[in-house]
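Computed from a predicted structure; not experimentally measured. Read the numbers this way: they start at 1 and go in the same order the structure lists the ligands and their atoms.
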Amino acid sequence: MSYLAKNYNRKKIGFKYGKGCYLYSVNNKKYLDFVQGIAVNSLGHAHPRLVKTLRDQSKKLWHVSNAFQIPEGEKLARKLCKKTFADYVMFQNSGAEATEAAIKAARRYFYSIGKPKKNRILCIKNSFHGRTLAAIFASGSKKMTEGFGPKVEGFDHFSFGDHDSLKKKINKNTAAIMVETIMGEGGIKVIPDWCLKDLRTLCNKKNILLILDEVQCGIGRSGDFFAFETSKVKPDIVPIAKGIGGGFPIGAVLMNKKVASGMIPGTHGSTFGGNPLAMSVGNTVLDIIANKKFLNNVKSVSKYFLFKLNKIKEKYPNLIKQIRGKGLLIGIQLYKDQTKFINKLMDNQLLTIRAAENVVRILPPLNVKRKEIDIALQVIDKVCSQLK
Ligand SMILES: *Cc1c(COP(=O)(O)O)cnc(C)c1O
């Protein structure tokens, strides 16, 4: 029997090791891994530069308290700020911690300017911001919050794409609007650039902070360093996590100067967040991904993949409803439940993962090659032909 709690419905498969795009199972089968720990292993498994960084740093220094200077963290924060809208960074260990710290920063800002009642956060219904108590109530999802009351107060919700309800839900106590630039768990739904622009204008008019949750879609996943970049919009706060550690748990909140002014000494902390081991790996991941040539390659591979997937959709119009996504955050939306489809892909040694709305989510590493995409396309086509 398993002594692990049963909060996961796990597939009956385990792995010995991974290399690049591939995972090798305990019963010696080779799988094309297009889950990559849910957009976490942004450079695939056992990337030589990440292995070297981890090995070198592990001999020097793993952990010191944030009570002291951490040069590796200073370096990563500086790079993130030079590269983006941000002026300051707070390091955490996970996505939920990052979104919670984002909420704390938004509230603390209004508190610090004498508006403590301006503390409500407006979110999209059935979004995903993590599994901690505040984060599940931020999601407004019945399934995630059921049985976990009392309700964490302070969140309001509107439906994806419903601009009237968004405007109606804003009041004088709204401190921030927090949305995923691309909803990941929610079914790979992209907020269009013009919407992001309108959101920014609305926030400016009503003195509301804009939080764009890029935990899943950030760090090159969309083909740009951040998914919101194509809109030219500047958010106030951006939580990140998944891809920045390349498999090492790292979370962070990026903030502009205005928001950061509220986070004075003693307002927030993390024992593990930003330790030398994590920061060293983060620096190497960033050096590889935050590079125009690297990101252009993500874009071109994505264009090819999406084009070919749309061809497959045309071939099986009764099975596939829509191809969704941007960059290498891709969803195949089926007309019916996707479980069987995902299991068949797995039988054919291709790993994918579900998302809401009958979506098969596909998350290759960002350095995936065309030849690996071609293998995946072949398997997808084969499974479509079996299930059509
Ligand atoms: C995964 C995810 C989170 C939560 O991250 P954890 O590391 O699981 O806490 C938050 N927001 C978004 C958009 C995510 O995809």
Name every donor-acceptor pair, under 3.5 Å, that has one atom in a side chain of residues 5-12 and the other anywhere in the protein, sequence neighbours excluded.
unit_1	atom_1	unit_2	atom_2	d
Lys11	NZ	Asn343	OD1	2.8

Under 4.5 Å side-chain heavy-atom separation, chaining through any Ile, Leu, Val, Met, Phe, Trp or Tyr, what else clusters with Met255? Say none if it is isolated. Tyr88, Met90, Ile103, Tyr109, Phe110, Ile113, Ile121, Phe128, Leu133, Ile136, Phe137, Met144, Phe148, Val152, Phe155, Met178, Leu209, Ile211, Ile237, Val253, Val259, Met263
Strictly below 4.0 Å, N to O, side chains only: are Asp224 and Lys299 in salt-bridge contact? yes
Remaining members of Val64's ILVMFWY cluster at a side-chain heavy-atom cut-off under 4.5 Å? Leu61, Ile70
Does a side-chain N-to-carboxylate-O contact under 4.0 Å join Arg361 and Glu185? yes
By chain and number, the residues contacting ligand 1 below 4.0 angstrom (heavy atoms only) are Ser94, Gly95, Ala96, Phe128, His129, Gly130, Glu180, Asp213, Val215, Gln216, Lys242
Do Lys75 and Asp287 meet the salt-bridge criterion of a basic N to acidic O distance under 4.0 Å? no
